[in-house]
Amino acid sequence: MSGYRLPAGGRIDRSRAIAFTFDRRGYRGFEGDSLASALVASGVTLFGRSFKYHRPRGLLAAGVEEPNALVTVTRGTGRTTPNLRAPSVPLHGGLVAESQNRYPSLGFDLGAINDRLGAFFPAGFYNKTFMWPRSAWEKLYEPAIRRMAGLGESPTTRDADHYAATYAHCETLVVGGGPAGIDAALTAAEAGGRVILIDEGEEVGGGALADPGQWAWLADALARLAAMPNVRILSRTTAFGFYHQNFIGAVERLTDHLAPTDANGARERLWRIRAGEVVLAQGAIERPLVFDGNDIPGVMLAGAARTLALRYGVAVGRRVVVMAVHDSGWRDALALAEAGVVIAAIVDLRETVDAALLAAAKAAGIACHLGHAVTGVAGRKAVSGATIAPGGTGAAQRIACDALLMAGGWTPSVHLWSQARGPLRWDDSWGAYLPDKSIERVRCVGACSGDWDFGGGVAVAALPSAKPAHQQKAFVDYQNDVKSRDIELAVREGYRSIEHIKRYTTNGMATDQGKTSNLNGLRIASEALARPVTEVGLTTFRPPYTPQTFGALIGHHKDALFQPLRKTAIDDWAATNGAVFENVAQWRRARYFPQGGEDMHAAVARECRAVRDGVGMFDASTLGKIEVVGPDAAEFLNRMYTNPWKSLQPGRCRYGLLLREDGFITDDGVAGRMAEDRFHVTTTTGGAARVLAMMEDYLQTEWSDLDVWLTSTTEHWGVIAVQGPRARDVIAPLVEGIDLSPDAFPHMAVREGRICGAPTRLFRVSFTGELGFEINVPADDARMVWQAVHAAGQRFGITPYGTETMHVLRAEKGFIIVGQDTDGTVTPGDAGMDWAVGKKKPDFVGKRSMMRPDIVASGRKQLVGLLTEDPDEVLEEGAQIVADPNQPVPMTMLGHVTSSYWSATLGRSIALALVRDGRARTGETLHVPMPGKTIRAVVGPTVFYDAEGSRLND
Amino acid sequence: MLLIHCPYCDEDRAEVEFVYGGEAHIARPLDPSALDDTQWESYLYLRRNPRGRHHERWRHTYGCGRFFNAVRDTVSDVIETTYKAGEARR
């Protein structure tokens, strides 16, 4: 193909030249060009190397269906986009584009050896060849395949752009701005509703842009639409997905058509559009013909050559041959001839064609070969001639040419229609599937509905040839390098469904999703199976219609906005005082407070000793809190939790254990009875929303007879835990209206009063095993109270501590963390918490399941303590536990370590573990195999410190 | 994204406001202890999973917070109707 710029014609602005580079070489085009049209005009024939065989590839199409001419466009650091289709890349000053999948250069590519070895790369090649040894896959096969196969390279630098998103609503959404879409938009707009017209092109107009006879009408129609206040036209916008109930996802490209220096603002905008009615006017895509050598650069679609000539003023070659099985090829040839392109011949498989077309071609001096087929193409990096033969098998003759156009008929674009679950029907005259009866409020107009006069044609699988299929390089899927013989091989190997044939051969699975290959693949499979196309099936259309950037889909939801970060009222203080944070269920929590270069180990050891020996303070504000209020509040909690609640007196607290209906622990927490009809229930930090939803579910749908109200108060209360032997001494001067003496305010009591002037619900509870208080104050007062407690505690050496110390202290006491020491398969019995289950209660959530056969059976995993023989050895959480370390792999695993810490208090390591029949193994030595060593540990009770609990009651 | 009619708010709202709640009209037995293991297993785990009309629970979690029932076709995803919790099966 030796393309050139025609002396006149096209919609380009010849007065405005634009400089750009392709593979680091400078070129010039005009305002209005696409990258493809400018390169073809400059005589470029080679656009890329194919996926598998590294065959030279040229331009095939003029739209988003382009499978070959994929380029990487770089617009500065962090602005590299691979796999863009050259016909869809608008030309702008300073455009930097590179070809892909070639080494060292497009013209000379080492990988092309694959093409010579093509016979060794049949369908399913990877599956068949690289099976053994398995270890070689990761180290040898995959890296090598990845280097050789594939398309553009994924950028590795951070995307420097930002992306916007918006919602829109309209009565009528029209997808596709060709003549049919514009007509539909005008009609809908005149009826008065809101109309949105979406078009993916640089210019709205679709097929009319390649038909100068329609330009005057197009300009007038677009002006009328633009003047209507109820119409919004979104050009450079791709409707990529059709979702339930007329919900359309679309991406508008805002800056990629501008020179990087002129690009301001968001790069793309995601539109989520809900439409009353959707009108699909997506047009049709021309089908390539399948014959030996149909991928040599210079072989392209007839319609694409027409678009290049009439829209861009570019001739695809100096001597062009058209291979047609459809009238549209004749029309394109005549239009090209009129535009000044030399048409050497029209070859048509049909014995007879429309007399008027034949007469017009002859009048234009074009040689016509009816009943002939192209059987071979001369050239490797560019077409130099075509071999044709009567019926594909007769006496061959050679025609010299530098471009060979294919007119294989048209495939209506039913992508969005199918995504909308619209039914399709096979139409023999189109040789394609057309939209059937309407669903929801969606309809198709124009070519995508089958309503456009392209003339007639025959639908063929592959062109006939005397050469057997397995000797041909006749491509079906250009982008994934699938040949007709691959599909035939798949059928011979037993594949019957088109969905399986597709996956085995990868036909239609490339980034173009088979826009040019699916129908040809289907026909070839149908012939090989000797079954009608409709019985072979049709592959599924899925979003996106064309590849979209992750940036557009993500929009603003990245970095700090990826998900909300919840902070307590005391968070700022912790940050100022050097806390190291960790995230827990979207909350940012202080993990420890290192001092003077301490590491975590040293800081946590110091914090632990402070709580055991003096006093510590901890921000527990993230605890979930639910206010349960109403005459039936106690009855409700009685049904929800395992524990008895009705007997609990106001002013007292109780630890509650919550099961799912299947009997497994799902949450826990302390609840205080504030009054006869009012409970302050706490949940785990991560379980707050789940527990409230579960309570609402039972209350609304099972026990609507109960008069109870539930309110989330998690963020209403700030919670300051003051823990340690000196806790009472610290808070006593700050508290008003509450007698703190042990008799008046015992362990597991709650009182209301004031602290530092703020109203408080003061709980005497402990998650550390020490004398402790949890000060609940309104969140707005929490920072003030925290600082006041901190100041008052100075003379007792009060020490702020974080979640890590909290974990160690509770583990020393054997207090479980739901979700760490339990995993959704642990019952109260497994956890050794039968004491928390109300034996006399007739029913509660999960009670019946505690009698299920598998739950009463022996051999369940039970929570136990583990002490390593070497006290300095800290086990890894998650490590597996076995009885016999010398047994062959795979070993019989008895359970795993759930919690493991260094205990500064005890001067040794401690661990909790779930172990099969664990409690019966007390005193037994078990083994924890680790890389390079096996650790011995002895099973014991879960409480490591102050087993009698005397310190709690001081 | 589905549009779902909340029978309490009497509004069509986007699916993101709702949370799916499994098959509808499975009442918790009034006296679970009276059930044998097979009956309890059936209550806990066994669901119809039909092709076609499916009665299911939704909660307008990010709206009014109420649970309600819907009849959805599992093939077309079309929601035929929604109705308040406690109302008769439709």
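Lettering of chains follows the sequences in order, A, B, ..., and the numbering in each one begins at 1.
Between B:H25 and B:Y83, the two ring planes are parallel [angle under 30°; tilted spans 30° to 60°].
Between chain A and the residues B:G21, B:P29, B:S76, B:A14, the most heavy-atom pairs under 4.5 angstrom are made by B:S76. Most heavy-atom pairs under 4.5 Å with chain B: of the set A:E696, A:M851, A:K847, this distinction falls to A:E696.
With a 4.5 Å cut-off on non-hydrogen atoms, A:R274 touches chain B through its side chain but not through its backbone. Contact of B:R57 with chain A is made through the side chain alone, with heavy-atom distances under 4.5 Å. Neither the backbone nor the side chain of A:S704 comes within less than 4.5 Å of any heavy atom in chain B. Within the 4.5 angstrom heavy-atom criterion, only backbone atoms of A:F844 (N, CA, C, O) approach chain B. Only the side chain of B:L44 comes within contact range of chain A, judged by heavy atoms closer than 4.5 Å. The part of A:D843 that comes within reach of chain B is its side chain, from C-beta onward, which places non-hydrogen atoms under 4.5 angstrom from that chain. For a residue to count as touching a neighbouring chain, one of its non-hydrogen atoms must lie under 4.5 Å from one of that chain's; by this rule B:I26 touches chain A with the backbone only. Using a 4.5 Å cut-off between heavy atoms, A:D697 contacts chain B through both its backbone and its side chain.
A salt bridge between A:R852 and A:D854 is absent, with no side-chain N of the basic residue lying under 4.0 Å from a carboxylate O of the acidic one. Of the charged side-chain nitrogens involved, at least one lies within less than 4.0 Å of a carboxylate oxygen, so that A:R566 and A:E715 count as a salt-bridged pair. Note on A:R848 versus B:D36: no salt bridge recorded, every NZ/NE/NH1/NH2 to OD/OE distance being 4.0 Å or above. Looking at A:E702 and A:R639, no side-chain N of the basic residue comes within less than 4.0 Å of a carboxylate O on the acidic one, giving no salt bridge.
Within 6.0 Å of CZ in B:R51 there are 12 or fewer heavy atoms belonging to other residues, nucleotides or ligands.
For the residue pair A:T684 and A:D667, a side-chain donor N or O sits within less than 3.5 Å of a side-chain acceptor on the partner.
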